[in-house]
Amino acid sequence: MDKRNSLFFTLFIAFLLSACTSSTPTTSLRTIVYGLTLEPSGFDPHIHQSSELGIVLRQVYDTLVYRHPQTNDIVAGLAERWEISDDQLNYTFYLKRGVTFHDGEPFNAQAVGANLDRITSPDTPSQRAVFMLGTYRGYTIIDEFTIQLHLNEPFTPLLDSLAQVYLGIASPKALAEYSVNRYQFHQVGTGPFKFIEYTTGDKLVIRRNENYTWGPEFYGAVPDNAVQEVIFRFFSDPPTRLAALESNTAHIMGEIPPASARAITANSNIQLFPVAIPGMPMQFMFNTTKYPTDNVVVRKALIQATNRSLIADVVYQGFSPVASSALSANTLYFNPQLAGLYPYDPDAAKTMLASVGLVDADENGFLDAGEGDLTVTLLFAPWNFMPETAQLIQQSWRELGIQVVLEQVAGFTALREQVATGEYNLVAFDNAGFDPQILNRFYISTGTSNYMLVQNVELDAILLNAVKERSPEMRYAAYAQVQQFIMENALILPIRDYVNVNAAVAQIGGLVYDSYGWFPLLYGVTLN
Amino acid sequence: MNRLFFAILTVWLAVTVTFFLLRLIPGDALSAQLELGGASSDEIAQARAQMGLDDPPITQYFRYIGGLLTGDLGYSLLRLIPVSDLILGRILPTALLALFSICLAVIWGVGTGILATSSGFLGILGRGMMTLSLAMPLYWTGTLLIILNAGALPYSGVDDWRAWLLPVIALGFTGMGSISRITYANIQAVKNMPFVMVARSKGLHPRTIMRRHVLRVALLPVLPVISTQFGLLLGGAVITESLFVRVGLGKLLLDSVIAQDYPVVQGLVILSAVVITSLSLLTDLIAHLADPRLRWMDNNHL
C-alpha cells in the first residue's frame with residue numbers, strides 16, 4: 001500500500017508541475033505583491049462597499065474629480081473644471097478630451113451618463129455608490145464633453161463622493177458587454193493601471209497603462225523603475241503579515257499588528273507607513289437607553305475612568321493618537337477644542353458615580369444596582385484589537401467597582417443583530433470618510449446605524465442642514481457644534497484615531513496614500 | 001444498494017438540518033453590507049424582500065430544494081454571484097491540497113508508527129514525533145512553519161509549485177498523528193500473536209517478518225482511519241488556506257460563516273456531505289477487497 005500511495009503522490013506532483021510551468025508568465029515585468037488584509041465581498045466599485053476594493057481600483061479608474069493627497073482640496077480629474085449653480089441643484093462638468101478607456105473606447109459625456117445609469121439602475125444591487133450620490137436626480141448631456149448632473153435638493157458632499165473610486169468611470173462598452181455580476185471580472189477604466197484578472201479567493205492582477213497621460217496634476221511624470229504589475233493577495237492572518245514581507249512573499253502590506261510593527265522599527269529592511277484614516281475614530285458608542293448608561297453622569301464617569309493613553313500605548317504601541325471627538329483629527333471640520341474634556345481621573349469618576357447614588361453599601365467590592373451589582377456590557381467584534389482594548393477597560397472599571405461583561409461576536413453581521421436586541425451598554429464601531437456627512441447615519445434619530453439610540457430633534461436639524469450648506473465656514477460651525485453636543489452628552493467613548501500601519505520592503509519607493517487614507521496611489525511606486 | 005440509500009438520506013438530512021439551523025441565527029450578510037455602504041432601513045428592507053429573505057422558512061426551503069434538484073445552489077448574499085461559481089473554482093486547489101496532505105500523512109504516519117515500535121533512540125524519536133503531531137494544533141504548526149521558513153520558500157497562492165510545500169507539510173504533519181498511533185498500536189498487538197512467533201522460530205529475518213507478516217495484518221485497520229483523516233483534512237483546509245494565503249473551499253467557508261452568507265455555507269455543507277459519504281462508501285469497498293476475513297463474512301452472510 002505504501003508503494004502504491006507514493007506512486008500516486010509522484011504522479012500528482014508531476015501533474016502539478018506541468019500545470020504550473022504552463023501558467024508561468026514569460027515576460028519579465030517589474031512586479032510586486034500587495035498584501036490586502038482580507039478578501040472583500042467583491043470588486044465592482046459601483047456595487048460593493050468595502051475599503052479594500054478601493055485599494056485596488058483606485059489604480060484602475062479615474063474619477064471626475066480627485067482630492068489632492070497633500071492639500072486635501074478637490075482638484076481636476078476626468079473633469080478639467082466644473083460649475084455649481086447658485087441653487088446648488090445643477091453641477092456642470094467640462095470633461096477632458098483625448099482620454100481613452102483601456103479597451104480603446106473614447107471617454108466622453110455619454111460614458112459618464114452610462115455609468116450614472118448603471119449605478120442608479122434598480123437592476124444594479126449597489127451597496128454604496130448609489131447612496132453616495134445623495135439627492136441625485138438625473139443628468140443632461142450638453143455636448144460631447146459637457147454633462148450636467150441634477151439634484152433634488154442641495155447635497156454639498158457630492159464632489160467628495162465623485163472623488164472616490166466607488167463613482168469611478170468605467171467603459172460603457174465593457175459595462176454593456178458583461179452582466180451586472182460578471183463585470184467585476186472584466187473591469188475597464190481609464191486609470192494608470194489596467195485590470196488584468198481577478199480569481200476569487202486567490203489574487204487580482206493589474207498592469208500599467210502605458211498610454212496614461214491624463215492623470216491629475218499631482219501625479220507628475222512616471223518615475224524610473226516604476227512598478228509595471230501589481231498582484232494583490234489576501235493576507236487575512238495578522239501574525240503572518242510581517243513574515244510575508246520579510247520573506248519577500250509580499251512587498252507592501254496593510255494593517256501590520258502594532259506590536260509586530262514596533263519590533264521592526266530597527267530593521268532597515270522594512271519601512272513603515274502609518275497612515276491616519278479620516279472618519280470616526282475607533283470608539284465605543286454608549287447605548288443611551290439602557291441602564292446604567294442611560295444616565296449622562298454615568299457615561300461621563302466611565303469616560304474619565306478609562307485610561308485611554310495607556311490603551312494607545314499598550315495595545316496600539318503609540319502608533320495612533322488618543323481620540324477626543326466624534327471625528328478623527330485629520331477629518332474635514334474636526335473640532336480641536338474638545339481635547340482634554342475628559343482627562344483620565346478615576347477618583348473624579350468615583351465621586352461622579354456616588355453623586356448619582358452608585359455606591360458599594362454592602363461592601364462586596366461592587367457598586368450596588370438595585371438587588372445586584374452594577375454591570376456594564378461591552379459589545380465588540382474581534383477587529384482593531386478590540387478584545388485587548390476591552391480587557392484593559394474591564395480592568396480599570398473593575399477597580400471602580402463596576403462589573404464589566406465582555407461580549408465578543410464573530411463579525412459585523414452578528415454585531416448588527418446583537419445591537420438590534422438592545423442588550424448592550426457600549427458597542428465598538430468606527431467608520432472611514434473625509435467629509436463629516438458620515439456622521440448622519442449614526443446620529444440622526446432615524447439613522448440606520450444609530451447605535452446610541454439618540455433622539456434629538458435639534459441634532460437632527462443641524463446634521464441635515466450641514467449636508468445642504470455650501471459655505472465651508474458655516475459647515476465647520478455646524479459640525480463643530482455637532483461634535484460638541486456628542487461629547488458634552490458623552491454619547492461615545494472615543495479610544496484612538498484609526499491608523500493603518502502599512503509596511504513595505506526597502507526596495508519600494510514613492511508610496512503615497514490619498515486623502516481618504518485607505519487608498520494608495522501606486523502610479524509613482526518604484527521597485528529598485 | 002441499501003448503503004447507497006442511506007448515503008442519500010445522510011446528504012438530505014445534512015441539507016435540511018443546516019438549512020433550518022442557519023436560519024435560526026438572526027442576521028444576514030446582505031443587510032450588513034448595505035448598512036456598511038450607507039443604505040437606509042427602508043432600502044435594506046426592500047433589498048431583503050427582493051432576495052426572498054422575508055418569505056417563511058418553509059417556502060424558502062422548498063424553493064431551495066427545487067433549485068437544488070436542477071443543480072442551482074442560489075446566489076451568495078455577500079458576493080452577489082452564483083454559489084456554484086464560487087465553489088467550482090475552489091474545488092481543485094482544496095482537493096489537491098487534501099490529497100497531497102493525506103498521501104504525506106499516510107507515508108509519514110505509517111513510517112513513524114513503524115519507527116515508534118523499535119527500541120532505543122529511534123523508538124523514542126518515533127514516539128516523540130507521534131506525540132508532537134497529536135498535540136500540536138494546526139494553526140500553531142502552520143505559524144511555526146512560516147516563521148521557521150523565514151523566506152526560504154514562497155507560500156502564498158497556488159501557481160508556484162513550491163508554494164504547495166509548506167501547507168502540505170503542515171497538514172500532513174497534523175494528519176499523520178492518528179495514523180501513526182493506530183499503526184503503532186496494531187503492530188504492538190500483532191507482534192505478539194502466535195503466527196509471528198512461528199515465523200520468528202522459523203528463523204526469518206526480523207525485517208521480513210515485519211514486512212510480510214506483521215504489517216499486512218496491522219495496516220488493515222489503518223484504512224478507515226485514513227478516510228476519517230481525509231474528512232478532517234478538508235476541515236483543516238479552513239486554517240491552512242487562511243494561514244498560507246491560498247484560494248480554496250476552507251477559506252470560503254470561514255468567510256461565509258463569519259458573514260452569515262447562508263447560501264454559500266449551505267452549498268459547502270452539501271459538498272462535504274457528498275464527499276464524506278462517498279469516501280466512507282469507498283473505504284468500505286476497499287476494505288472488503290483487501291481483507292479476506294470481511295469477504296468471507298460477506299459470502300457467508302454474517
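Below, read A as the first sequence line, B as the second, and so on, with proteins coming before strands; counting in each chain starts at 1.
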Is it the side chain or the backbone of Ala244(A) that comes within 4.5 Å of chain B heavy atoms, both, or neither? both

To the closest 0.5 Å, what do you measure between CZ (Phe412(A)) and OG (Ser31(B))? 9.5 Å

Quick check on Ile47(A) against chain B: is it the side chain, the backbone, both or neither that has a heavy atom closer than 4.5 Å? side chain

Would you compute the distance between atom CZ of Phe244(B) and atom OG1 of Thr249(A) and round it to the nearest 0.5 angstrom? 11.0 Å

Rounded to the nearest 0.5 Å, what separation is found between the CG atom of Asp255(B) and the CG atom of Leu38(A)? 8.0 Å

For the side chain of Arg416(A) and the backbone of Asp28(B), is there at least one donor-acceptor N/O pair under 3.5 Å apart? no

Do the side chains of Leu80(B) and Gln127(A) get nearer than 4.5 Å, heavy atoms only? yes

Count the heavy-atom pairs under 4.5 Å between each of Gln50(B), Arg79(B), Gln260(B), Glu43(B) and chain A, then report the option with the highest count. Arg79(B)

If you tally heavy-atom pairs under 4.5 Å between each of Ala420(A), Ser236(A), Ala410(A) and chain B, the highest tally belongs to Ser236(A)

Nearest non-hydrogen partners of Arg233(A) and Val245(B), listed with the distance: CB-CG1, 4.1 Å

Salt bridge present between Asp85(B) and Arg182(A) (N-O < 4.0 angstrom): yes

Just by modelled atom types, is the Ala39(B) backbone N or O under 3.5 Å from a matching donor or acceptor in the Thr448(A) side chain? yes

Could you tell me whether Arg90(B) and Glu39(A) have a side-chain N and a carboxylate O separated by less than 4.0 Å? yes

Does any backbone or side-chain atom of Ser179(A) lie under 4.5 Å from a heavy atom of chain B? Answer side chain, backbone, both or neither. neither

Contact summary for Ser41(B) and Thr446(A), nearest pair of heavy atoms: OG-O, 4.4 Å

Between Phe131(A) and Leu34(B), is a side-chain contact (heavy atoms from CB on, under 4.5 Å) present by the stated rule, with each step listed? CA-CA 10 Å; Phe131(A) 310 120; Leu34(B) 282 166; 4.2 Å; yes

Side-chain contact test, heavy atoms from C-beta onward, threshold under 4.5 Å: evaluate it for Glu35(B) versus Arg441(A) and give yes or no. yes

Between the main-chain N or O of Gly27(B) and the side-chain N or O of Thr413(A), is there a donor-acceptor pair closer than 3.5 Å? no

Rounded to the nearest 0.5 Å, how far does CD1 of Ile444(A) lie from OG of Ser40(B)? 11.5 Å

Note, Phe234(A) side chain near Lys251(B) side chain (heavy atom, < 4.5 Å): no

Answer yes or no: does atom OH of Tyr198(A) have more than 12 heavy-atom neighbours from other residues, nucleotides or ligands under 6.0 Å? yes

With a 4.5 angstrom heavy-atom cut-off, could you sort out which part of Leu215(B) is near chain A: side chain, backbone, both or neither? neither

If you count heavy-atom pairs under 4.5 Å between each of Ser41(A), Ala250(A), Ser50(A), Gly35(A) and chain B, which one has the most? Ser41(A)

Can you tell if the side chain of Ile81(B) reaches within under 4.5 Å of the side chain of Gln184(A), non-hydrogen atoms only? yes

Return the option, out of Lys203(A), Glu417(A), Arg128(A), His48(A), with the maximum number of heavy-atom pairs under 4.5 Å with chain B. Glu417(A)

Would you say that Thr200(A) contacts Val247(B) through its side chain, given a criterion of any heavy-atom pair below 4.5 Å between the two side chains? no

Check each atom of Tyr75(B) against the heavy atoms of chain A and say whether the ones under 4.5 Å are side chain, backbone, both or neither. side chain

Between Leu86(B) and chain A, with a heavy-atom cut-off of 4.5 Å, which part of the residue counts as in contact: side chain, backbone, both or neither? side chain

Can you say whether Phe185(A) sits under 4.5 Å from chain B via the side chain, the backbone, both, or neither, judging by heavy atoms? side chain

